[in-house]
Each structure stands twice: as structure tokens, then as C-alpha cells.
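Some notes on the structure that comes next.
Note that ligands are numbered from 1 as they come in the structure, with each ligand's atoms numbered from 1 the same way.
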Amino acid sequence: MKKLILGASLLSLLMVSISVMAVEYVVAQKGKAFVENGQVIESLTLAVGDSIRFVNEDPFFHNIFSLSDLSTFDLGSFPQGDSRSITFDEAGSMEVECAIHPEMYMEVTIK
Ligand SMILES: [Cu+2]
């Protein structure tokens with residue numbers, strides 16, 4: 001019984017340290033473009049387990065999605081000031097787009 005409890009607490013400790021190491025990138029939607037740290041970006045490289053928080057800074061809706069082979073997601077449409085987050089669990093690359101603005105595009109590489 002003691003061993004079981006010890007094992008369980010070690011496991012939860014391990015899970016906490018993994019979640020601490022993961023990075024959350026913040027990518028804004030501004031002027032119908034993807035913007036990180038004030039710069040328009042067309043690509044972003046991150047590690048498995050990292051996530052992106054998409055923050056809408058435009059006075060209209062965006063709907064971020066991906067139809068890549070690696071994985072598909074659809075964050076739904078969200079208004080100015082709102083954000084949606086997605087975690088990338090698999091290595092590879094994917095195209096991220098906006099369903100409302102076809103000119104919006106970025107490539108995410110997960111290493
Ligand atoms: Cu958009």
C-alpha cells in the first residue's frame with residue numbers, strides 16, 4: 001500500500017514537471033495577420049507538448065483551424081479580446097488558417 005502511494009505521488013510529480021517545461025506561445029490575430037511579439041509571423045517552431053494561445057486583437061471575429069494530415073482542429077469563431085489555446089502533442093508540421101479570412105496563414109512546426 002505504501003509503495004502504491006509513493007508510486008502515485010512520484011507519477012504526479014513527474015506530470016507536474018512536464019507541464020512546467022511546456023511553453024505557451026502567444027500569437028495574436030491583428031490586422032488579419034498572425035503576430036508574435038509585435039511581429040507578423042508566417043511560421044512558428046515549437047516542441048511537442050507546447051501550446052499556442054491565439055488572442056484576437058482585431059475588432060472582428062476570427063476562426064482559427066487546421067486541416068493538416070498531422071491533426072485537425074477548429075477553435076471556432078471568437079471575438080476581439082477573446083483567446084483560444086491548443087496544445088501540440090505530435091511532431092510534424094501543420095498549416096494553420098482562419099476560416100473567415102483566407103489570406104491568414106501560418107505554418108507550425110512541432111519538433
Ligand atoms: Cu480571421
Measuring only between side-chain heavy atoms, which start at C-beta, is Ser71 closer than 4.5 Å to Met94?
yes

Smallest heavy-atom separation, Gly49 atom then Ala22 atom, equals O-CB, 3.4 Å

Does NZ or CZ of Lys32 come closer than 6.0 Å to the centre of the six-membered ring of Phe60, within 45° of the ring's axis?
yes

For Ser66, the side chain to side chain donor-acceptor pair (under 3.5 Å) test, sequence neighbours excluded, returns Ser68

Please tell me if the side chains of Leu44 and Met106 come closer than 4.5 Å, counting only heavy atoms from C-beta onward.
yes

Heavy-atom side-chain proximity of Tyr25 to Arg53 below 4.5 angstrom
no

Within a radius below 2.8 Å of the Cu ion (ligand 1), how many protein N, O or S atoms are present?
3

